[in-house]
Every structure is written in C-alpha cells, then in structure tokens.
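One is the number of the first residue; the rest follow in order along the sequence.
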Amino acid sequence: MSMNPQRRQWLALGAGLAATGWASAQPANRTRSDPRAPAPRRIGLALGGGSARGFAHIGVLQALDEAKVPVDVVAGTSAGALVGAFYAAGISPWKMQEIALKVRDIDVADFASGNKRGMLGGMALRRLVNSLLGDVPIEKMPRRFAAVATDLASGDKVALQRGDTGAAVAASCAIPGVFIPAQLNGRELVDGGLTSPVPVGVARQLGAEAVIAVDVGGKPSAKPRSGLYEIILQSFEIMGRSLAEMEGQTANVLIRPRTDAFDSSDFNARKEMIEAGYLAGQSALPELRRKLGLG
C-alpha cells in the first residue's frame, strides 16, 4: 500500500522520538481563548477488544494524534486495554507501533505456567506491560484510564482504575480457556469482552462527556480453524459481536477499521492492521470535527 508524504513525515518523526525516548503525550491544553465560546467537552476513548485485530487501535490513535484530537480519558477492553494503557501512560502511538512490531510471541505467551484452567498464565504479559511502562500505577497516568474485566463468580463488569497496570491489562485480556483467570483484589477476573466489548459506558464513568469508540472486531472468519486457540477466539468473537455493536452505537462517534480481511488470531499482519486503523481514523475526522466541535 502506498504511503502519502504526510504519513511518511509522521513516521520519520515517530522514529526520531523513539531514538530519544518515549514521547509523553499529556492531555491537550483545553483552555479557551474566547470566553464566549462554549466550554470544551471532556473527550474519552473506548477501545474495544479483538485479539490480534487490536493492532488497528494503534493506527486510529496515530490519525487522532495527527489531527490533535484532545483525549482526556481512556477505557479499554482486552486488546483495547493493552493499547489504551500505553496511550494513557503517555506513550505516543508511533512508539507503540515500534514496540508492536518488535514484541515476540514468547514475550507474552508463558505456556510453561499454563494448567487445566488455561493455556497461558498471564504473568508474562503483566511483566511486559509493567516493564515497558516503568511500573507506573494506573492512578499516576497522565490520562484517566480503566481496564475492563469480568468477575468470573458474579458475571459483573469490573473497571480497574487503580494499582498495578500490568495486572489490570492481563486481567482484561484473560480470554477464558486461553488465559488462566486472573487473581486480583480478591476476585477471579476474565476478559472484559464478556460484559463490555466496547466500553463506552466506562469511558463516561471516567468523566467523558463525549466518547469516541473504536470497534476493531469484524465478521467471523470463514477460514478453517486448525487448533483450540483459533476455535476459542472465533467462538468468543461470535458471542460478543451483537453486544459490541450495541455498545458502539451509544458513542458520539464510532470508528470501525476494516478488519474483516484479518483473522483475530493472525499476529503476523500487524503492519496491515495498523494501516487499516490509520485509514479508518483519517476517514472519521470530518465527523469528529462536526460532532465534537473540534477545530
């Protein structure tokens, strides 16, 4: 896919920032120059789950950053919690892309810790997130953030807003059967996609007055399922599709990258999914400006 000059300039800038360290993206200055102008609304992001399709979130964030869309709060489910934690912590989406293209399966897939309750333990993902974010707890992030999980005992939606960021992300990503349920704050927690696959409501609970939802889920793939992991992901996707669509419609703006061409278990198409997210983010900018009153 060809890349326009502006896109190349931004990629070059992202590489330069990476060379000097992570770029802190503090929430935008929202003061008014004209006292007669209406007060700007607090804008929130609701980043949905989607396993490997979650790489598309990075591209959407790149497009929003290019357009200087101010974001105050971030709520994320599963893959959206992983990307959302980095964004809330102040990591630029250009740095996120660099990290995403370097992370290996072995960095997150701790098969040695699996047991009859799940193939993976989740500790590797927890350590990776905390290492890359410098062990910053959720409440110390520049932007308000919540990782959405599900209480396995009660079925309640749980918005994790304090404490160990890596543990919260791992709990939000704990797909039943793939990950062992996470033990956190006296609860057994599993993937937030069971109760809130696109967490618009949680973003509003964090204080957002207007919510941009990003739904990276797609239609179930017709590709033959070759293993247990692929079967679980396909089943999970089918189960959550209707709820994701209902939640997405409650947002002020819904962005849906074209991810149908990619399988939710295909972690080799990272670049393509990031690009799909970028294109979707760019396409949504006119609607964003119109509905949210952005300049």
Side-chain angles (χ1 to χ4, degrees), residues 46-55 57 75-85 105-129 146-160 164-199 201-202 215-221 223-248 259 262-267:
L47 305 180
S51 196
R53 288 170 171 163
F55 289 109
H57 284 309
T77 291
S78 199
L82 177 58
V83 174
D105 291 347
I106 196 172
D107 295 326
V108 295
D110 47 352
F111 286 102
S113 62
N115 58 34
K116 64 181 181 180
R117 305 188 74 207
M119 293 184 286
L120 307 174
M123 284 303 298
L125 177 59
R126 177 177 180 173
R127 286 193 298 268
L128 178 68
V129 171
V148 180
T150 301
D151 188 312
L152 186 60
S154 67
D156 292 337
K157 175 174 61 182
V158 180
L160 301 166
D164 188 315
T165 302
V169 169
S172 184
C173 293
I175 300 171
V178 177
F179 284 93
I180 298 170
Q183 302 286 339
L184 193 61
N185 302 328
R187 288 171 150 174
E188 269 200 325
L189 301 177
V190 292
D191 198 294
L194 288 167
T195 49
S196 187
V198 184
V202 174
D215 181 3
V216 298
K219 296 177 182 178
S221 171
K223 170 186 166 185
R225 308 291 105 184
S226 59
L228 177 61
Y229 176 66
E230 289 81 8
I231 291 172
I232 290 174
L233 287 186
Q234 178 89 334
S235 301
F236 201 71
E237 210 163 68
I238 293 169
M239 177 184 61
R241 193 67 245 139
S242 294
L243 180 55
E245 289 177 358
M246 285 191 294
E247 283 194 308
T259 60
F262 310 108
D263 197 274
S264 60
S265 61
D266 183 4
F267 287 86

His57 side chain to Ala81 backbone, donor-acceptor under 3.5 Å = no
To the nearest 0.5 Å, atom CG of Leu194 lies from atom CG of Asp156 at 12.5 Å
On a heavy-atom basis, the closest approach of Pro197 and Gly193 is CD-O, 3.6 Å
Here the gap from Leu82 atom CG to Phe55 atom CZ, rounded to the nearest 0.5 Å, amounts to 8.0 Å
Check for a donor-acceptor pair, side chain of Ser78 on one end and backbone N or O of Cys173 on the other, with a separation under 3.5 Å.
no
For Val198 and Ala46, the nearest pair of non-hydrogen atoms, with its separation, is CG1-O, 4.2 Å
Closest non-hydrogen contact found for Ala147 with Ser172 is CB-CB, 4.2 Å
Within-4.5 Å side-chain heavy-atom neighbours: Val158 and Leu184:
no
When you compare the side chain of Leu120 with that of Val178, does any pair of heavy atoms fall below 4.5 Å? yes
Closest non-hydrogen contact found for Ile180 with Ala174 is O-CB, 4.3 Å
Here the gap from Phe262 atom CZ to Ser51 atom OG, rounded to the nearest 0.5 Å, amounts to 14.5 Å
Sorted by chain and residue number, the side chain to side chain contact (heavy atoms under 4.5 Å, CB included) partners of Ala146 (sequence neighbours excluded) come out as Ala159, Gln161, Val202, Leu206
So salt bridge (Lys or Arg N to Asp or Glu O under 4.0 Å) across residues 166-188, not counting sequence neighbours, yields Arg117-Glu188, Asp151-Arg187
Side chain of Thr77, backbone of Ser196: donor and acceptor closer than 3.5 Å?
-> yes
All heavy atoms of Gly48 vs all of Val216, minimum pair found to be O-CG2, 4.0 Å
*asked:* For Thr195 and Thr150, which I'm curious about, is there any donor-acceptor pair between the side chains at under 3.5 Å?
replied: yes
Checklist entry - Please walk me through it: do Asp215 and Glu247 pass side-chain contact (heavy atoms from CB on, under 4.5 Å)? => result CA-CA 9 Å; Asp215 181 3; Glu247 283 194 308; over 6 Å; no
CD1 (Ile175) and CE (Met119) are apart, to the nearest 0.5 Å, by 8.5 Å
side-chain contact (heavy atoms from CB on, under 4.5 Å) with Leu160: of Thr165, Val148, Val169, Asn185, only one passes, and it is Asn185
Residues at least two apart in sequence or cross-chain that pass side chain to side chain contact (heavy atoms under 4.5 Å, CB included) with Met246, listed by chain then number, are Leu243
